[in-house]
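Structure first, then comments.
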Amino acid sequence: MLKRTHTCGEPRATHAGNTVTLCGWVNTYRDQGKGLVFLDLRDRDGLCQVVCDLEDAPPHVVAAARSLRREDCIAVKGLLRKRAGDPNLKLATGEVELLAAEIEVFNKAIDLPILPDDHDAPKINEEIRLKYRYLDLRRPSMQKILRERHRVLQYTRQYFSGQRFTEIETPLLIKSTPEGARDFLVPSRLHPGDWYALPQSPQLFKQILMVAGCERYFQICRCLRDEDPRADRQAEFSQIDLELSFVDRSDVMDVMSGFVQGLWKEMLGVDVPTITRMTWIDAMNRFGSDKPDTRFGLELHDISALAGKCGFKVFDEALAKSRLGKSGCVKAIVVPASMGQLTRKMTDSYADFVKTFKAGGVAVTKISATGTFETGIAKFVEPIAAEFKAALNAQPGDTILMVADHWEIAVKAAGELRLKVADDLKAVPAGMWNFLWVIDFPMFDFDEEGNRWVAMHHPFTSPNPDQFDLLESNPGACVSAGYDMVLNGSEIAGGSIRIHRTDVQEKVFKLIGLTQEDADRKFGFLLSALRHGAPPHGGMAFGLDRLVMHLCGTNNIRDVIAFPKTQSGGDLMIDAPGPVDDEQLKELHVRRAVTQKAPA
RNA sequence: GGGGUGGUAGCUCAAUUGGUUAGAGUACCGGCUUGUCACGCCGGUGGUUGCGGGUUCGAUUCCCGUCCGCCUCGCCA
């Protein structure tokens, strides 16, 4: 077997005159006639042109060269020389070529379903790419992503190790805690009728590691949530999971800010300035989102006070609504003329768009060149024109979009509309890295259906230090010590200071409707651990896949995972999930409730 | 679970709105080509139009069902 002396990306003019062996895949094959064949040989480092001079070569080399086709895996040995023809400036190795004296064919490739050319990738259906992932991953762009992901992992270990964090593994087979996301379940063979759950996160284990005196823990771990995927969400994903003892919220946020600043410098050479903080209520009121994209304007204005004066029925009805002490409201977005014009077709489509988020519709009006209101609800606004313009600081040519409803619905719908408008008008600037901390989340949201409070973050999140009294007196107003890190409108990390006292933890469990019995059964080990001298602690978890997505400039999470799953949780390459034998089920003490599909 | 969208040659797409033998590029096969480099030129193989029904003289096209991919709402403590 020929052993390579260089990678395909390496050869330069300085190597000319050496005998070189390259290994790789035939990227292209260019037959020039009786005497001359070119091929580009590709490995993970790049491309190098191989030339076969068939007049001088021995017959078996000629035969081998003639038989080569795309994606055959070969080795070529020969003289590396400066190109006889013009150099190819598009290739790093474009000044040289390898004159084949010996060719070893490791393996031929049969007819290819897809070609691993970068320029083909966006055109090919993902279904096919996922089925033949081993070919898809041969693309230089995919190879690059895999290696960028590796660099992120390397930097992560280096940074946190440098901050005296210890990498500790936690179990994959744990028990189900039906709070939060749906668990993946695994039947136990040794305990008939019992089930393991796969972890949604190592949350409780890392807290217990703090009780265990580890002080600073991290883990790069797989987490599993049996929920429907999205473009930026997989059921099986990776987290950079962290926990620290003897810290308050700012201590954690400082360490984590340092991490992303270092990571962006390392990966992109970008200096990320001090990451600013925004309270949740500010984020919701100004951006209609708990993960605001601050790269562009279009902030939400609250015009509830004015809206009540204009006699527009929809506004009056919305303002009369009330939920959890919050009155209904009217939110307005001023789309400045300078940002571009919204067509009638666009504004018409926004009504259906906001209905997705349970809002009734969008009220539209526009300020004409002469300063009068025109179109939409102009006649209602005209009587309060001066106040209205002043409140919004609106100028001639501006379009005003308004959403009215319950506060939650109005801000959510207006926030989504804001993103939609920015996208439609291409108003999101490229090349910006807007990091942001969102803090002071409510501890609880009220679930009308279940008639109970539910933890907004998770039930181990501590209230802010000055908020403990509110836990009992006014849970709806109680603000937590949680914090999310947001990048360009995407949540890339979340965490909190945890409850480290049993009495507080029990209060929270009680508030979310867990009886003492439930709490003991599900989380008794945590309550017990907290009783044994638990230190104050808090932590964070980064979504690794999303970090890599941002760093690689893709908005498809499957691009940054070597073997991702589809929207229905399938792996198209190995055809999972799949059927199992009756014998296997018997061992697991599991009986079928549905007839299983015949194996494909 | 809901909404949207797509499925035609190995791959990417087309088919004049229901009408003759379903076309093109690419890949593949054959021939030509001694400086190409996403080589070029000539020729060729290749189709259960996702699957199952229905309407019709006739269905890629219309209808019903179903499967699969993608986007999205719900969901994601």
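Below, each value reflects all heavy atoms present in this structure, side chains not excepted, and no hydrogens, waters or symmetry copies. Chain naming here is simple, since letters A, B, ... match the order of the sequence lines and numbering starts at 1 in each.
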Closer than 4.0 Å, any side-chain N/O of [X] to the OP1 or OP2 of [N]?
X: A:S568; N: B:G69; answer: yes
X: A:R558; N: B:C71; answer: yes
X: A:R30; N: B:U36; answer: no

Pair assignment for [N], Watson-Crick or G-U wobble, requiring both distances under 3.5 Å:
N: B:A14; answer: none
N: B:U5; answer: B:G69
N: B:U56; answer: none

Show me the donor-acceptor pairs, under 3.5 Å and distance only, between side chains in residues 48-65 of chain A and residues at least two apart or in other chains.
unit_1: A:Q49; atom_1: OE1; unit_2: A:R30; atom_2: NH2; d: 2.9
unit_1: A:Q49; atom_1: NE2; unit_2: A:E97; atom_2: OE1; d: 3.1
unit_1: A:D53; atom_1: OD1; unit_2: A:E55; atom_2: N; d: 3.4

When the ring planes of A:F509 and A:F523 are compared, do they come out parallel, tilted or perpendicular, using 30° and 60° as the limits?
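Answer is parallel, since the angle falls under 30°.
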Where do N or O atoms of nucleotides 29-35 of chain B meet protein N or O atoms at under 3.5 Å, pair by pair?
unit_1: B:C29; atom_1: OP1; unit_2: A:R69; atom_2: NE; d: 3.4
unit_1: B:C29; atom_1: OP2; unit_2: A:R69; atom_2: NE; d: 2.9
unit_1: B:U33; atom_1: OP1; unit_2: A:K34; atom_2: NZ; d: 3.1
unit_1: B:U33; atom_1: OP2; unit_2: A:K34; atom_2: NZ; d: 2.4
unit_1: B:U33; atom_1: N3; unit_2: A:D31; atom_2: O; d: 3.1
unit_1: B:U33; atom_1: N3; unit_2: A:G33; atom_2: N; d: 3.3
unit_1: B:U33; atom_1: O4; unit_2: A:D31; atom_2: OD1; d: 2.9
unit_1: B:U33; atom_1: O4; unit_2: A:D31; atom_2: OD2; d: 3.0
unit_1: B:U34; atom_1: OP2; unit_2: A:K34; atom_2: N; d: 3.3
unit_1: B:U34; atom_1: O4; unit_2: A:E55; atom_2: OE1; d: 2.5
unit_1: B:U34; atom_1: O4; unit_2: A:E55; atom_2: OE2; d: 2.3
unit_1: B:G35; atom_1: O6; unit_2: A:R81; atom_2: NH2; d: 3.0
unit_1: B:G35; atom_1: N1; unit_2: A:E97; atom_2: OE1; d: 3.4
unit_1: B:G35; atom_1: N1; unit_2: A:E97; atom_2: OE2; d: 3.0
unit_1: B:G35; atom_1: N2; unit_2: A:E97; atom_2: OE1; d: 2.4
unit_1: B:G35; atom_1: N2; unit_2: A:E97; atom_2: OE2; d: 3.3

What protein N or O atoms touch nucleotides 1-4 of chain B N or O atoms at under 3.5 angstrom, if any, and at what distances?
unit_1: B:G1; atom_1: O6; unit_2: A:D228; atom_2: OD2; d: 3.2

Separation of A:L572 atom CG from B:C70 atom C1', in whole Å?
12 Å
At under 4.0 Å between heavy atoms, what does A:K90 touch on the DNA or RNA strands: base, sugar-phosphate, or nothing?
sugar-phosphate
What's A:Q200 touching, base or sugar-phosphate or nothing? Going by heavy atoms closer than 4.0 Å.
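Answer is nothing: A:Q200 stays at 4.0 Å or more from every strand.
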Applying side chain to side chain contact (heavy atoms under 4.5 Å, CB included), name anything that partners A:D424, two or more places apart in sequence or on another chain.
A:M346, A:Y350, A:K420
Polar atom pairs (N or O), protein with nucleotides 45-47 of chain B, under 3.5 Å:
none

If you check every side-chain atom of A:E127, which of B:C37, B:C68, B:U72 has the closest atom?
B:C68
Looking at B:C76, does its base get a donor-acceptor pair with the side chain of A:R233 below 3.5 Å?
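Side chain to base: pair found, below 3.5 Å.
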If the test is side chain to side chain donor-acceptor pair (under 3.5 Å), which one of A:R138, A:R70, A:R139 qualifies with A:D117?
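For A:D117, the side chain to side chain donor-acceptor pair (under 3.5 Å) test succeeds with only one of A:R138, A:R70, A:R139, which is A:R70.
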Protein N or O to nucleotides 10-12 of chain B N or O, pairs below 3.5 Å:
unit_1: B:G10; atom_1: O2'; unit_2: A:P113; atom_2: O; d: 3.3
unit_1: B:C11; atom_1: O4'; unit_2: A:P113; atom_2: O; d: 2.9
unit_1: B:U12; atom_1: OP1; unit_2: A:N125; atom_2: N; d: 2.8
unit_1: B:U12; atom_1: OP1; unit_2: A:N125; atom_2: ND2; d: 3.0
unit_1: B:U12; atom_1: O3'; unit_2: A:K123; atom_2: O; d: 3.2

Between A:N556 and A:R225, name the one whose nearest nucleotide on RNA chain B is closer to the 5' end.
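Its nearest nucleotide being more 5', the pick is A:N556.
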